[in-house]
Amino acid sequence: QVRLVESGGGLVQAGGSLRLSCVASGITFNRYNIGWFRQAPGQERKFVAGISWNGISLYSDFVEGRFTISRDNANNSASLQMNSLQSEDTANYYCAAVSKEVVEVVGTREHDYDWWGQGTQVTVSS
């Protein structure tokens, strides 16, 4: 059974930092691309950042330079370091995974991913 569990969300002041983690089980992690998405109330889920099975990262324009995605294959985990947080970053953040056999490069659309976590809430106060 595939499971993705996010953690690290919380309440932070504008300009602060948070580090989100996603721990996977039930998959051969080093063969999977990982993506982070976010969804604010009343809005669609949006791509934030992704990292391919071989370590190539991709960022959305609105987080480029502030967020850093990384992966630790030995621990079946991926992280999203978020710096210089702004109120617009307030959202529920989701981790997603897809096998490189299905999608070889980092996808930016929801349907590029097969597995999803339950999300972790990030709230940035201004």
Side-chain angles (χ1 to χ4, degrees):
Q1 180 181 359
V2 178
R3 192 172 181 218
L4 302 176
V5 179
E6 304 96 334
S7 63
L11 174 64
V12 64
Q13 289 188 334
S17 299
L18 282 175
R19 185 176 181 89
L20 305 184
S21 293
C22 172
V23 178
S25 59
I27 60 174
T28 305
F29 189 76
N30 62 10
R31 299 179 66 85
Y32 276 69
N33 298 332
I34 302 297
W36 284 96
F37 288 73
R38 73 187 189 188
Q39 187 170 22
Q43 297 186 19
E44 295 182 349
R45 196 174 297 189
K46 297 179 181 178
F47 173 77
V48 175
I51 188 164
S52 69
W53 62 277
N54 57 351
I56 298 172
S57 57
L58 180 68
Y59 298 92
S60 64
D61 290 344
F62 53 81
V63 303
E64 183 80 49
R66 299 188 297 126
F67 292 9
T68 303
I69 190 171
S70 60
R71 65 187 299 153
D72 179 354
N73 290 338
N75 289 300
N76 287 2
S77 66
S79 296
L80 184 68
Q81 176 66 42
M82 307 187 297
N83 299 327
S84 302
L85 284 162
Q86 306 164 1
S87 56
E88 305 88 83
D89 297 316
T90 294
N92 206 5
Y93 283 71
Y94 298 88
C95 171
V98 65
S99 169
K100 75 180 189 73
E101 313 300 335
V102 176
V103 180
E104 187 174 2
V105 298
V106 173
T108 62
R109 302 164 298 181
E110 288 189 71
H111 65 256
D112 289 329
Y113 295 86
D114 289 333
W115 307 102
W116 292 82
Q118 292 300 305
T120 185
Q121 177 66 36
V122 171
T123 303
V124 184
S125 63
S126 57

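For clarity, every value in this text was computed on a predicted model and none was experimentally measured.
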Look up atom OG1 in Thr28 and atom CG in Asn30, then write down how far apart they are to the nearest 0.5 Å. 7.0 Å
Set of side-chain contact (heavy atoms from CB on, under 4.5 Å) partners for Ser87, sequence neighbours left out: Ser126
Whether over 12 other heavy atoms sit under 6.0 Å from Gln118 CD: no
Just to verify, what does Gln1 make a side-chain contact (heavy atoms from CB on, under 4.5 Å) with, not counting sequence neighbours? none
Output yes when a side-chain donor or acceptor of Arg71 lies under 3.5 Å from a complementary backbone atom of Asn33, and no otherwise. no
Please report the shortest heavy-atom distance between Gln121 and Ala91, naming the atom on each side. NE2-O, 3.4 Å
Under a single-linkage rule joining Ile, Leu, Val, Met, Phe, Trp and Tyr whose side-chain heavy atoms are separated by less than 4.5 Å, which residues share a cluster with Leu80? Val2, Leu4, Val12, Leu18, Leu20, Ile27, Phe29, Tyr32, Ile34, Trp36, Val48, Ile51, Tyr59, Phe62, Val63, Phe67, Ile69, Met82, Leu85, Tyr93, Trp115, Val122, Val124
Not counting sequence neighbours, which residues clear side-chain contact (heavy atoms from CB on, under 4.5 Å) with Glu104? List them please. Trp53
Under the rule for side-chain hydrogen bond (donor to acceptor under 3.5 Å, both in side chains), what residues qualify as partners of Asp114, not counting sequence neighbours? none
What pairs meet the disulfide bond (SG atoms under 2.5 Å apart) rule with one or both residues in residues 33-64, with sequence neighbours excluded? none
Residue list, side-chain contact (heavy atoms from CB on, under 4.5 Å) with Ser21, at least two apart or on another chain: Ser7, Ser79
Any pair counted as disulfide bond (SG atoms under 2.5 Å apart), so long as it reaches residues 4-103, sequence neighbours left out: Cys22-Cys95
Would you indicate whether the side-chain heavy atoms of Leu58 and Phe47 approach each other to under 4.5 Å? yes
If you round to the nearest 0.5 Å, how far is CD of Glu6 from CG of Asn92? 8.0 Å
Using the test side-chain hydrogen bond (donor to acceptor under 3.5 Å, both in side chains), find all partners of Ser17 that sit at least two apart in sequence or belong to another chain. Asn83
Residues two or more places apart in sequence or in another chain: which of them pass ring pair (Phe, Tyr, Trp, His ring centres under 6.0 Å) with Tyr113? Phe37
Per the disulfide bond (SG atoms under 2.5 Å apart) rule, what does the pair list look like for residues 34-73, sequence neighbours excluded? none
Please list all pairs meeting salt bridge (charged side-chain N to carboxylate O under 4.0 Å, His left out) that have one or both residues in residues 32-61, counting only residues at least two apart or in different chains. Arg38-Asp89, Arg45-Glu110
Does Arg19 offer a backbone N or O that forms a donor-acceptor pair with the side chain of Gln81 under 3.5 Å? no
